[in-house]
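To keep things clear, I will list the structure first and then write my remarks on it.
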Amino acid sequence: QVQLEESGGGLVQPGGSLRLSCAASGGAVSQYTVGWFRQAPGKEREFVGAVRRLGANTYHYADSVKGRFTISRDSAKNMVTLQMNRLTPEDTALYYCAAGQSILSQLRLESGYRYWGQGTQVTVSS
């Protein structure tokens with residue numbers, strides 16, 4: 001079974017940057033579609049972005065983060081990172097990484113991912 005662990009969350013000021021990491025074990029990130037989701041207090045979990053398995057090797061982002069967030073895959077470290085720039089208070093949420101064999105039509109859906117990390121908190125506030 002694939003195990004995922006997020007790290008790098010914390011408190012940042014508006015306009016700041018933060019980098020989250022998703023470390024995988026029990027499977028290679030290159031063989032899975034890896035997605036990032038977030039859940040703000042009182043709200044449903046929403047899609048942030050994803051990188052498709054290496055054969056496709058394409059990147060996808062929610063409109064709300066496009067141009068500010070960047071996903072990178074480091075196969076040598078078996079890790080996927082989420083670089084977040086120009087953060088706003090609306091980005092405050094618990095961020096999760098997830099992995100699965102999701103097809104394109106399921107890429108932005110929770111149901112497209114089988115394995116989930118426990119989440120890391122990102123708080124954007126002055």
Side-chain angles (χ1 to χ4, degrees):
Q1 185 174 350
V2 176
Q3 303 287 332
L4 303 175
E5 183 175 3
E6 305 94 337
S7 62
L11 174 65
V12 296
Q13 294 185 343
S17 298
L18 200 64
R19 183 173 66 252
L20 306 182
S21 297
C22 176
S25 60
V29 296
S30 62
Q31 301 299 317
Y32 293 88
T33 294
V34 178
W36 287 93
F37 292 78
R38 66 186 183 185
Q39 187 168 19
K43 297 183 178 180
E44 297 296 321
R45 192 171 300 181
E46 66 173 345
F47 174 79
V48 175
V51 55
R52 296 179 68 192
R53 56 186 179 271
L54 192 57
N57 198 35
T58 57
Y59 297 80
H60 306 262
Y61 300 94
D63 289 342
S64 59
V65 306
K66 188 175 297 183
R68 299 189 298 119
F69 290 11
T70 303
I71 295 172
S72 299
R73 176 169 53 201
D74 189 336
S75 296
K77 296 181 178 180
N78 204 26
M79 180 177 295
V80 173
T81 62
L82 177 66
Q83 178 66 46
M84 305 183 294
N85 298 325
R86 304 196 306 278
L87 287 161
T88 75
E90 287 69 40
D91 295 315
T92 295
L94 188 65
Y95 283 71
Y96 299 87
C97 66
Q101 297 293 333
S102 58
I103 61 176
L104 187 59
S105 62
Q106 298 177 334
L107 185 76
R108 298 171 180 264
L109 306 176
E110 294 180 57
S111 59
Y113 300 86
R114 179 177 180 180
Y115 307 105
W116 292 80
Q118 62 182 337
T120 185
Q121 179 67 41
V122 172
T123 302
V124 185
S125 176
S126 59

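- The stretch residues 43-77 participates, sequence neighbours left out, in no disulfide bond (SG atoms under 2.5 Å apart) pair at all.
- Hydrophobic clustering, with ILVMFWY side chains joined whenever heavy atoms are under 4.5 angstrom apart, groups Val34 together with Tyr59.
- Residues satisfying the side-chain contact (heavy atoms from CB on, under 4.5 Å) criterion with Gln101, sequence neighbours excluded, are Tyr32, Arg53.
- The side-chain contact (heavy atoms from CB on, under 4.5 Å) search around Gln13 returns none, not counting sequence neighbours.
- Using a 4.5 Å heavy-atom threshold, the side chains of Arg38 and Val65 count as touching.
- Using a 4.5 Å cut-off between side-chain heavy atoms of Ile, Leu, Val, Met, Phe, Trp and Tyr, with links allowed through other members, Tyr61 and Phe47 fall into different hydrophobic clusters.
- Pairs of residues two or more places apart, or lying in two chains, never qualify as disulfide bond (SG atoms under 2.5 Å apart) while including a residue from residues 30-65.
- Residues Gly67 and Arg86 share a closest heavy-atom pair of O-NH2, 3.1 Å.
- Apart from Leu109 itself, the hydrophobic cluster it occupies contains nothing, where clustering links Ile, Leu, Val, Met, Phe, Trp and Tyr at side-chain heavy-atom distances under 4.5 Å.
- Residue pairs meeting the side chain to side chain donor-acceptor pair (under 3.5 Å) criterion with at least one partner in residues 68-79, sequence neighbours excluded, are Asn57-Arg73, Arg68-Asp91.
- The OG atom of Ser25 lies 10.0 Å from the CD atom of Gln1; values are rounded to the nearest 0.5 Å.
- Considering all non-hydrogen atoms of both residues, Ala24 and Val29 come closest at CB-CG1, 3.6 Å.
- For residues 108-120, no pair satisfies salt bridge (Lys or Arg N to Asp or Glu O under 4.0 Å), with sequence neighbours left out.
- Checked against side-chain contact (heavy atoms from CB on, under 4.5 Å), Gln39 has the following partners two or more places apart in sequence or in another chain: Arg45, Tyr96.
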Pair up each side-chain donor or acceptor in residues 16-23 with any protein partner under 3.5 Å, not counting sequence neighbours, and list the distances.
{"residue": "Ser17", "atom": "OG", "partner": "Asn85", "partner atom": "OD1", "Å": "2.9"}

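- Using cut-offs of 30° and 60° on the angle between ring planes, the pair Phe69 and Tyr95 is tilted.
- The backbone N or O of Cys97 lies less than 3.5 Å from a partner atom in the side chain of Glu6, making a donor-acceptor pair.
- Legend: disulfide bond (SG atoms under 2.5 Å apart) pairs involving residues 53-87, not counting sequence neighbours: none detected.
- Not counting sequence neighbours, the partners of Glu90 by the side-chain hydrogen bond (donor to acceptor under 3.5 Å, both in side chains) test are Thr88.
- Of all non-hydrogen atoms in Ala93 and Ala40, the two that sit nearest each other are CB-N, 3.7 Å.
- Going from atom CD of Gln121 over to atom CG of Leu11 covers 10.0 Å, rounded to the nearest 0.5 Å.
- Leu107 meets the side-chain contact (heavy atoms from CB on, under 4.5 Å) test with Thr33, Ala50, Arg52, His60, Ser102, Leu104, Tyr113; sequence neighbours excluded.
- Val124 and Leu82 fall within a single hydrophobic cluster, where Ile, Leu, Val, Met, Phe, Trp and Tyr side chains are chained together by heavy-atom contacts under 4.5 Å.
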